[in-house]
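To start, the structure under review is shown below, and the notes come after it.
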Amino acid sequence: MKKLSARRRHPLAAVVVLLLALAATGGLYAAFAPAGKAQADDTSQSLTIKEGKKLYEVGCASCHGTGGQGSSDGPSLVGVGAAAVDFQVGTGRMPASTSQMAQIPSKKVVYTQDQIDQLAAYVASLGAGPSVPTKEQYGPDGADIAKGGELFRTNCAQCHNFTGKGGALTKGKYAPSLEGVAPKHIYEAMQTGPQNMPSFPDTTMSEKNKKDIIAYLNAVDGSKTENPGGLELGGLGPVSEGLFAWIFGLGALIAIAVWVAARTAKAKKS
């Protein structure tokens with residue numbers, strides 16, 4: 001007993017007990033941790049990437065290169081992330097029908113959402129980039145519509161018009177209308193900056209600000225609500241309104257002036 005008591009008072013006794021406790025804890029965790037589920041998730045992700053690679057080789061490699069490195073017909077996809085693929089393919093812009101156009105328009109979607117997810121997973125595996133946003137990121141819960149309108153008018157209205165109707169740019173390019181566009185795709189466009197649009201990563205525009213802008217666009221979406229003001233001239237702003245005033249307003253004044261002059265001349269003759 002005296003020898004055992006002396007060993008308990010040894011300076012290294014606490015260290016030995018701590019090492020034994022850590023070893024026991026590690027052994028218990030290794031025995032009971034849900035490793036099977038993690039392994040299943042990894043296997044599922046690997047299969048998704050594998051299927052995405054097959055789709056990529058058939059529909060994308062001819063322009064973007066066999067490894068996504070890009071070519072003279074298409075930019076590199078290394079580092080663009082899953083969000084860029086989900087936007088471009090999910091809006092029908094990719095695969096592009098022709099490379100001779102000033103801007104690639106949206107059109108009928110070729111792939112199913114599962115196939116788009118597979119393509120996105122494969123491209124994401126080529127290099128880190130923005131991921132596909134969740135519904136919590138672009139959904140209306142907690143959004144400030146007024147703040148979103150202020151942000152949209154400051155950062156986006158100069159191209160997309162203050163109600164998201166779109167507008168013309170230079171050399172045949174244009175800012176597309178945002179009416180009827182899915183909130184997820186609007187978020188992805190802000191995150192990735194497709195074609196002529198600048199990107200707004202979280203370091204430039206916070207996730208909350210993006211949510212606010214999407215809520216504002218949903219509130220002014222003309223495809224979902226009627227305009228209480230009646231005829232809106234396309235909602236394109238001062239250009240269409242000025243053209244209307246010039247043609248019809250000034251035209252009416254000219255017609256009245258001609259009519260008055262004709263009556264005056266007739267009165268003088270008689």
Side-chain angles (χ1 to χ4, degrees), residues 87-88 90-94 96-109 140 143-183 185-190 192-200 205 209-210 212-270:
F87 173 81
Q88 296 286 357
T91 59
R93 288 176 168 83
M94 290 288 144
S97 56
T98 176
S99 59
Q100 303 301 317
M101 303 176 67
Q103 184 166 322
I104 299 172
S106 60
K107 56 186 184 298
K108 184 178 179 181
V109 179
D144 185 338
I145 295 176
K147 181 65 175 177
E150 178 185 337
L151 290 167
F152 184 84
R153 288 187 291 273
T154 301
N155 297 281
C156 318
Q158 57 267 40
C159 294
H160 289 283
N161 185 269
F162 70 99
T163 56
K165 296 282 187 178
L169 301 176
T170 59
K171 298 181 180 179
K173 299 175 182 179
Y174 59 92
S177 171
L178 301 178
E179 289 188 342
V181 179
H185 292 151
I186 295 176
Y187 191 102
E188 290 169 341
M190 288 189 281
T192 61
Q195 301 191 80
N196 307 297
M197 180 175 170
S199 61
F200 296 90
M205 180 179 289
N209 288 160
K210 294 187 184 74
D212 293 340
I213 289 176
I214 292 171
Y216 167 74
L217 288 172
N218 184 66
V220 299
D221 192 338
S223 67
K224 299 176 182 177
T225 58
E226 294 183 2
N227 183 11
L231 182 63
E232 60 178 8
L233 300 177
L236 298 176
V239 174
S240 59
E241 293 164 3
L243 185 63
F244 180 88
W246 180 267
I247 293 175
F248 294 96
L250 187 60
L253 291 175
I254 293 172
I256 292 172
V258 171
W259 178 77
V260 170
R263 283 184 61 87
T264 303
K266 185 177 180 181
K268 287 181 178 180
K269 288 180 180 180
S270 47

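Sequential numbering from 1 along the given sequence is applied to the chain's residues. Predicted, not measured: the structure shown is a model, and the values here were computed from it.
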Problem set entry | Heavy-atom pair with the smallest gap, counting every atom of Gly166 and Asn161 | O-CB, 3.7 Å
Exercise. Nearest 0.5 Å, what's the OG1-OH distance between Thr192 and Tyr187?
Worked result: 11.5 Å
Exercise. How close do Pro194 and Ala189 get, heavy atom to heavy atom, and via which atoms?
Worked result: CD-O, 3.3 Å
For this session: Would you indicate whether the side-chain heavy atoms of Ile213 and Met205 approach each other to under 4.5 Å?
Result: yes
Problem set entry | Inter-residue atom distance Thr170.OG1 - Asn196.CG, 0.5 Å rounding | 7.5 Å
Problem set entry | Separation of Phe248 CZ from Leu253 CG (nearest 0.5 Å) | 13.5 Å
Seminar exercise, completed: Looking only at heavy atoms, the pair that brings Thr91 and Val109 closest together is C-CG2, 4.2 Å
For this session: Determine yes or no for a side-chain-to-main-chain donor-acceptor pair under 3.5 angstrom, with Asp212 supplying the side chain and Asp144 the backbone.
Result: yes
Exercise. Crowded around Lys107 NZ? As in, over 12 foreign heavy atoms under 6.0 Å?
Worked result: yes
Exercise. Any side-chain heavy atom of Cys159 within less than 4.5 Å of one from Leu169?
Worked result: yes
Exercise. Below 4.5 Å, heavy atoms only, C-beta onward: do Met94 and Ile104 meet side chain to side chain?
Worked result: yes
Exercise. Between Phe152 and Leu178, is any pair of side-chain heavy atoms under 4.5 Å apart?
Worked result: yes
For this session: Measure the CD-OG distance between Gln88 and Ser106 for me, rounded to the nearest 0.5 Å.
Result: 10.5 Å
Exercise. Nearest 0.5 Å, what's the SG-OH distance between Cys156 and Tyr216?
Worked result: 10.0 Å
Exercise. CG/Leu217 to NE2/His160 distance, rounded to the nearest 0.5 angstrom?
Worked result: 9.0 Å
For this session: Indicate the atoms forming the closest heavy-atom contact of Ala215 with Ala143, along with that distance.
Result: CB-CB, 3.5 Å
Exercise. Do you know the tightest heavy-atom contact between Tyr174 and Pro105?
Worked result: OH-CB, 3.4 Å
Seminar exercise, completed: Smallest heavy-atom separation, Thr163 atom then Val220 atom, equals O-CG2, 3.9 Å
Exercise. Considering only heavy atoms from C-beta outward, does the side chain of Arg93 approach that of Pro176 to under 4.5 Å?
Worked result: yes
